[in-house]
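These numbers come from the heavy atoms of this one structure, side chains and all, not from hydrogens, waters or symmetry mates. To find a chain, count down the sequence lines: A is the first, B the second, and so on, and within it residues start at 1.
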Amino acid sequence: MSRLRQLAESRSRPIVTAEFPSIDGGNLDTVKAKLDPILAFVDAINATDNPAAHAHASNSSIAIALKMLGAEPIMQVVCRDKNRLAAQADIVGAALFGVVNVCALTGDDVTAGDEPQARRVFDLDGPQLVKVMSGLAEGRYLSGRKISPAPELFVGAVENPFGPPQHYRVERAKLKSDAGARFMQLQIGYQPLVLESFIAGCVANGVAARTALLPTVVLTKTARALSFMHDNVPGISVPEPTRARIAGASDIPEESFQLTLELARHALSLDGVAGIHIADFRHDGSLARLVSELNLSVSEPTDPSAPSDPSDPSEPNAPTAR
Amino acid sequence: MKFLPIVELATKGPVFDCRMCGQCVLHSTGMTCPMTCPKTLRNGPCGGVRDDGHCEVKPEMPCVWTAAEGRSHHALMPNSWEDHFSELHPPVDNQLRGSSSWLNLITKRDKQFPAGWVGRTMADDGAEPADEPRSALGEVDDISGLDQGFHERTSIG
Ligand code: SF4
């Protein structure tokens, strides 16, 4: 069983996942060089699928490479670039190599990337892809053709709690959870109160109990990184006071780290949150520092009744970021 | 083009910006055509909606799915769209593009989904892949009655 699945079902300790950087050339050693600094600090790692609509080494190739190098991959599958045939083939193919965790995304539009002339596919949308993945896990393609033996898959999705209409995002999380998503990585966000109400809604409608909710924090180093995300990344907004706080700090990299630490502490303090997803734009060891300052241990999960929760969710960490 | 598709496009085109997908879902989206969404999503809104409710792809256009969600709570028609809005809509059948959704509604062609979508394998339908290379279609009258995802393991968690 995948470690992610084991933890999502047992909730014996907070889950830590991270985004893997995009790879464009080289060989397995290139992948290993990027993996080594983070491997010991995470439970599972996202093999992304042409993030922000830029072509990179493919989701399935990176997922398989991560698996070969001893990491546990989460293979993202976006709906933008491939139709239902290709998406299913990639998942079933990667499963042959032991890629179990799969995560369905609608995907940024082609206009967000460097090839806006590309044809957009979106043959399936995100929620439909979740259900198709669930069907594969049960041993059938969408057509109804049998897959025997059925691939071992652990199905997940993403959601953006911060995107309008915010009140509807809880319903949408339920739509994906009902379709079979058992873990859900949430979009990067800088509005703790919005996250709080989303998580509370997911606790109320039962999603948080059966789907492991993983809010995302991002490690940045500059004030420009925040304004860039705010201005250019679809679905991300960074409130002006937060940007001003970083821009006006005397030690910007340290203040950026502290902001991320506060957001992560706050997210982990929420009842209904199963762990944290980390996107690292710094690549300077900050991921390891974050995990250690959060007191998260990612040792092999054992007995669910064993040691108490190391993150101490009762600790009052009032977020100062708004 | 046959007669019915022409009439359908002529009436729905100007009012709803109809794209002739052949499987009309206006009744469950508060009369907003989702095929005008640049990503042609059947289950929206996506995560890219801008803070002002406009589309990720076309900043000048309000997100059709955000608008539809707003209209699903229409004061004059309480509950009529609200209940249908959060149903999981099946993938578009691209064979129906350009055909009349009215005709497909009458003939129930728009109620036929791939066997896998309704939780069946071809073997269940008596059509083994070797005999029947094409997708087996299952007919479902009301998608709200369908299991949304896992069929054999719905009780996880
Ligand atoms: S923002 Fe709305 S209209 Fe634009 S692509 Fe996303 S769902 Fe479609």
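- Looking at every heavy atom in both residues, Val57(B) comes nearest to Arg120(A) through CG1-NH2, 3.6 Å.
- Most heavy-atom pairs under 4.5 Å with chain B: of the set Val132(A), Leu105(A), Asn160(A), Val110(A), this distinction falls to Asn160(A).
- In terms of modelled atom types and a separation under 3.5 Å, the side chain of Arg50(B) and the main chain of Gly235(A) share no donor-acceptor contact.
- Side-chain N or O atoms of Glu56(B) include none that pairs as donor or acceptor with a backbone N or O of Asp108(A) at under 3.5 Å.
- Counting heavy atoms of neighbouring residues, nucleotides and ligands inside a 6.0 Å radius, atom CG of Asp114(A) exceeds 12 of them.
- Residues Glu69(B) and Pro164(A) form no side-chain contact, since every pair of their non-hydrogen atoms from C-beta on lies 4.5 Å or further apart.
- Residues Lys176(A) and Leu88(B) fail the side-chain proximity criterion, which asks for heavy atoms closer than 4.5 Å.
- In this structure, Asn94(B) CG and Arg84(A) CZ are separated by 6.0 Å, a value rounded to the nearest 0.5 Å.
- Residues Lys39(B) and Thr106(A) have side chains in contact (heavy-atom distance under 4.5 Å, counting atoms from C-beta outward).
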Show the numbers, then the answer: is there a side chain to side chain contact (heavy atoms under 4.5 Å, CB included) between Phe122(A) and Cys37(B)?
-> CA-CA 11 Å; Phe122(A) 298 110; Cys37(B) 157; over 6 Å; no

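- With Gln187(A) contributing its side chain and Gly47(B) its backbone, the two residues share no donor-acceptor pair below 3.5 Å.
- For the atom pair CG (Asp123(A)) and OG1 (Thr40(B)), the distance works out to 8.5 Å, reported to the nearest 0.5 Å.
- Most heavy-atom pairs under 4.5 Å with chain B: of the set Cys79(A), Pro116(A), Pro165(A), Gly163(A), this distinction falls to Pro165(A).
- For a residue to count as touching a neighbouring chain, one of its non-hydrogen atoms must lie under 4.5 Å from one of that chain's; by this rule Glu171(A) touches chain B with the side chain only.
- No side-chain heavy atom of Lys174(A) sits under 4.5 Å from any side-chain heavy atom of Ser86(B).
- Of the atoms belonging to Arg169(A), it is side-chain heavy atoms, and not backbone ones, that fall under 4.5 Å from chain B.
- Annotation for Ala115(B) and Gly144(A): closest pair CB-CA, 4.0 Å, computed over non-hydrogen atoms.
- Interatomic distance, Cys46(B) SG to Glu159(A) CD, rounded to the nearest 0.5 Å: 10.0 Å.
- Interatomic distance, Asp125(A) CG to Trp65(B) CH2, rounded to the nearest 0.5 Å: 8.0 Å.
- Separation of atoms CG (Asn43(B)) and NZ (Lys131(A)) is listed at 10.5 Å; rounding is to 0.5 Å.
- For the atom pair OH of Tyr168(A) and OG1 of Thr66(B), the computed distance is 10.0 Å after rounding to the nearest 0.5 Å.
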